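When a ligand or atom number is given, it counts from 1 through the structure's own listing order. In this text, all values refer to a predicted model and were calculated from it rather than measured experimentally.
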Amino acid sequence: MIIGVPKEIKEGEKRVGMIPQGVDALVAHGHRVLVEKGAGIGSGFSDDEYREAGATLVQREEDVWAGAEMVVKVKEPLEPEIPLMRPGQILFTYLHLAADRGLTLKLIERRIVAIGYETVQVQDGSLPLLRPMSEIAGRASVLAGGMCLEARYGGRGVLLCGASGVPPAKVVILGAGVVGTNACKVALGIGARVSILDVHPERLSYLHDITQGHIATFISNRMTIGEEIAGADLVIGAVLIPGAHAPKLVTRQMLKRMRPGSAVVDISVDQGGCFETTRPTTHENPTYIEEGIVHYCVTNIPGAFPRTSTFALTNATFPYILQIADKGYRRAMNENEALRKGLNLIDGMVACEAVAEGFGLAFVQDPFSPPSLKIPS
Ligand SMILES: NC(=O)c1ccc[n+]([C@@H]2O[C@H](COP(=O)([O-])OP(=O)(O)OC[C@H]3O[C@@H](n4cnc5c(N)ncnc54)[C@H](O)[C@@H]3O)[C@@H](O)[C@H]2O)c1
């Protein structure tokens, strides 16, 4: 198969869909990889590294799209990329179609085979191609929070780990999922005092076990949240109700009871945020102060760490890319249920139920599921 890797064109996006190690493995399997010049620069991979791995470097993104049977990207396609697609071409990337009816309709028109990272789902219900970004966001949130507590950002000048004779900061984490767990590990590792809240006791029990009881765990409810955050230096919002707006767990009134110069990092901002005072910010201008509290609400935290994020993302995506290249998408999906769930669009039809329902579009159900086994009576 000919696989294409264009340079991401979304503003500020420095990740790339494939690293030289991926190119090397595909070439060893007999495939050809077209990489747009400069595609890996933002993540620290030179054109020479791709060339040495066996890629064919091409000058323009048009050449990647024109030559490739499968295009591997990071972000959803933008306007200039859409006319470059052709019927039957495979696109493997984050799509987030449910959030964009216009993009969905345009891609339907192009009649591509669109497979979305975010809907690939393994049997326990988890999303293996979203997980790496949640891991990074969770870990980075503690570093961002530590920065917000610095005096120059309006913070109360508290060092997360404290010092000898000076107690460490108190970090409260709302949500003990992938993001919250990773924030917890880093905050604990730095030496902060950590409290974590979730509505699922089993999540708390897991974290309590792996940290050998070195954190305080609480079932999340309004009263406990209020009590815990009142004495916090840093509050990290990491809750998710799948498919829904994040619940507003911290009201303005509750925030007023925190000490001035404390900080909040709302990672759930991409789902609307779990603080009443949240508004989305960017890496260029990441913080603002409201009610005396420093807010950090960047919607794409992994974007600050493109090298780590690219490795983490491609570690997760590559096995699926190789399967599609080796077997063709039909057989690969037929044999891999998780990948089948990633199929969003095919032949001008919607294959993802949530997208079809959300936009009132016709839905083609699981076109590549294996024929069911007939058990003889
Ligand atoms: N800003 C960014 O750059 C960035 C990056 C990655 C993920 N995210 C976002 O972070 C959020 C969390 O993602 P995740 O992967 O950890 O999800 P997850 O499903 O693994 O975890 C969410 C947790 O929130 C808990 N929860 C739900 N309601 C709660 C409540 N009322 N109180 C306490 N806990 C509650 C759930 O039980 C679950 O354990 C999502 O909104 C995700 O989109 C943002």
Taking non-hydrogen atoms only, is [X] closer than 4.0 angstrom to ligand 1 via side chain, backbone, both or neither?
X    : answer
I136 : neither
L130 : neither
A176 : backbone
S220 : side chain

Sub-4.0 Å heavy-atom approach of T299 to ligand 1: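 In this structure, T299 qualifies as a contact of ligand 1 - some heavy atom is under 4.0 Å.
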Show the atoms of ligand 1 that are less than 4.0 angstrom away from any heavy atom in [X].
X    : answer
V298 : 1 (N)
L249 : 30 (C), 31 (N), 32 (N)
P302 : 3 (O)
A137 : 4 (C), 5 (C), 6 (C)
N300 : 3 (O)

Does an N or O anywhere in [X] fall below 3.5 Å from an N or O of ligand 1?
X    : result
L174 : no
V178 : yes
Q271 : no
I301 : yes
H200 : yes

Side-chain donor/acceptor of S268 to backbone N/O of Q271, under 3.5 Å: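 No; judged by distance alone, with no hydrogens or angles, the pair does not exist.
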Any donor-acceptor pair under 3.5 Å from S205 side chain to P201 backbone: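 No.
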Can you check whether [X] reaches [Y] side chain to side chain, under 4.5 Å on heavy atoms?
X    : Y    : value
R340 : S369 : yes
M147 : T287 : yes
F275 : T251 : no

Report the nearest protein non-hydrogen atom to [atom]: residue, atom name, distance rounded to 0.1 Å.
atom                    : value
atom 21 (O) of ligand 1 : G177 CA, 3.1 Å
atom 44 (C) of ligand 1 : I267 O, 3.1 Å
atom 15 (O) of ligand 1 : S134 OG, 2.9 Å
atom 43 (O) of ligand 1 : D270 OD2, 2.6 Å

Pairing residues for D24 by the side-chain contact (heavy atoms from CB on, under 4.5 Å) criterion, not counting sequence neighbours: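 side-chain contact (heavy atoms from CB on, under 4.5 Å) check on D24 returns A53.
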Test item: side-chain donor near acceptor, R203 and T181, under 3.5 Å: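 Short answer, yes.
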Exercise: do S262 and D233 side chains pair donor with acceptor under 3.5 Å: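 No donor-acceptor contact under 3.5 Å links the two side chains.
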Identify all side-chain donor-acceptor contacts of residues 133-145 below 3.5 Å with residues at least two apart in sequence or on another chain.
{"from": "R139", "atom 1": "NE", "to": "N182", "atom 2": "OD1", "distance (Å)": "2.7"}
{"from": "R139", "atom 1": "NH2", "to": "N182", "atom 2": "OD1", "distance (Å)": "2.9"}
{"from": "S141", "atom 1": "OG", "to": "G138", "atom 2": "O", "distance (Å)": "2.7"}

Minimum-distance pair of heavy atoms, taken over all atoms of P128 and S126: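 So the minimum-distance heavy-atom pair works out to CD-O, 3.3 Å.
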Nearest heavy atoms of T299 and P280, plus distance in Å: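 Scanning both residues, the minimum pair turns out to be CG2-CB, 3.8 Å.
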Cationic tip of R15 above F311 ring, under 6.0 Å, 45° of axis: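 Pair R15/F311 does not count as cation-pi.
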Winner among D198, V239, L197 once heavy atoms are compared against atom 25 (C) of ligand 1: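 Minimum heavy-atom distance to atom 25 (C) of ligand 1 goes to D198.
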Best match, L240, V179, L204: closest heavy atom to atom 24 (O) of ligand 1: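 It is L240 that holds the nearest heavy atom.
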Criterion ring-ring contact (aromatic ring centres under 6.0 Å, His included) on F368 and Y329, from CA distance to verdict: CA-CA 9 Å; F368 300 112; Y329 71 86; 5.8 Å; yes
